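Report on the following structure.
Small disclaimer: the values here were computed from a predicted structure and weren't measured. When a ligand or atom number is given, it counts from 1 through the structure's own listing order.
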Amino acid sequence: MTISRREFISAGATAAAGIAVASSASAHTLVPSAPVVPAAPAARPVVIASANGIRGVKTAYEMIVQGADTLDAIIAGVNIQELDPEDQSVGLGGLPNENGVVQLDASCMHGPTKRAGAVGCLEDIATPSLVAKAVMDYTNHIMLVGADARKFAIDMGFKPQNLLTEKSRQDWLRWKARQNANDNWLDHDDDIRIKFTTGTINMNAINAQGDISSVTTTSGIAWKVPGRVGDSPIVGAGQYTDNEVGAAGSTGRGESNIMVCGAFLAVEFMRQGKSPEEALMLVMKRVIEHSEKRLLDPNGRPLFGLTFYAINKKGEYAGACAYEGDMFAVCDARGARVEPCAYLYRKEERPRMPNDA
Ligand code: ASP
């Protein structure tokens, strides 16, 4: 993992200061001092993520308790999904756009240094989360997109590769062949259901010092219009961190999240004193209030999936969604596990959605 010159210098300066303080203190200690009570940690370390981050939260948590920076740890966590060809919602093997091209989005925020980085519509680089961090670490900008983001990544040493796996290519061809009865593609005989996936991984972490970071990375909505950028690389929508308050992020229909700046809004609700769960439920309600009619059923319920995740400065956390059933991944001293998201409507109240298989 790279470390920026700024971080390196400040880490070195802190370590040097620590040595000076320790030696001057021992030089003046003539009588035994009172037993040292270690300062209570500012927070309990915890890492949360979308459910596909179940392996990643464990990796990130272990790194954090060993002293790794929160952003380095969660990026290592999401790299597992980005590099896993079986996860068709992110990185290598992500489902492509309607032209069969994999275009990736990612963003990250580092709470303690108040920095952010993002990439949109990035092709050929499997780990957009790391490219987003490189934008943060090495430029005066926050977001790079398209061909220039790719060029930036290659210049920074990332290796381009074909991200369209055989499985995703086949799914794309099947999807294309079934667009309508009159198209010039013959339907396959097999009965494989073509997934319209949403996926993505969002991960948020706090360490014992109370430092917080967040990251979101995705291949976006499957079969999207080429050039489409979702919520994941939008700071304040796909993820957001305020080191004084907490962090939040999302997976699911990005357009609906962008409309409410969901991650920022969740952090603002937490700033007002709401718990992570209360904050996320308010964000979900705001999403629905702010949805155009075609996206809601006759009862005003959403015809799309969207899930939010949040942690606060105390290490409290939650996931929330519209319909009962979504889970999210957590790792803390009790180990890695999935927990149910809070929800607005019971399973039975979920309408049939246009993209249901
Ligand atoms: N939020 C992502 C996007 O809209 C997709 C997803 O989470 O599935 O690009």
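- Contact check on Arg337 versus Asp332 returns a salt bridge, with a Lys/Arg side-chain nitrogen under 4.0 Å from an Asp/Glu carboxylate oxygen.
- Checked by distance only, ligand 1 and Gly254 come closer than 3.5 Å through their nitrogen or oxygen atoms.
- We find that Asp148 and Lys151 are not joined by a salt bridge, their nearest charged nitrogen and carboxylate oxygen being 4.0 Å or further apart.
- Neither the backbone nor the side chain of Lys224 has a heavy atom within less than 4.0 Å of ligand 1.
- Of the listed options Ser219, Ser232, Gly252, Gly252 places a heavy atom closest to atom 1 (N) of ligand 1.
- The cationic group of Arg301 lies under 6.0 Å from the six-membered ring centre of Tyr345 and within 45° of the ring axis, placing it in a cation-pi geometry.
- Selection from Ile234, Asp231, Ile258 by nearest heavy atom to atom 3 (C) of ligand 1 gives Asp231.
- Classification of Arg115 and Asp137 as a salt-bridged pair holds, one side-chain N sitting under 4.0 Å from a carboxylate O.
- Ionic pairing of Glu98 and Arg228 is not present here: no N-O contact between side-chain nitrogen and carboxylate oxygen is shorter than 4.0 angstrom.
- Every atom of ligand 1 with a heavy atom of Arg228 under 4.0 Å away is listed here by number and element: 3 (C), 4 (O), 9 (O).
- At a 3.5 angstrom cut-off on N or O pairs, Arg253 does not count as close to ligand 1.
- In this structure a side-chain-to-backbone donor-acceptor pair under 3.5 Å is missing from Asp105 to Ser219.
- Which parts of ligand 1 touch Thr251 is read off a 4.0 Å heavy-atom cut-off, strictly below it: atoms 7 (O).
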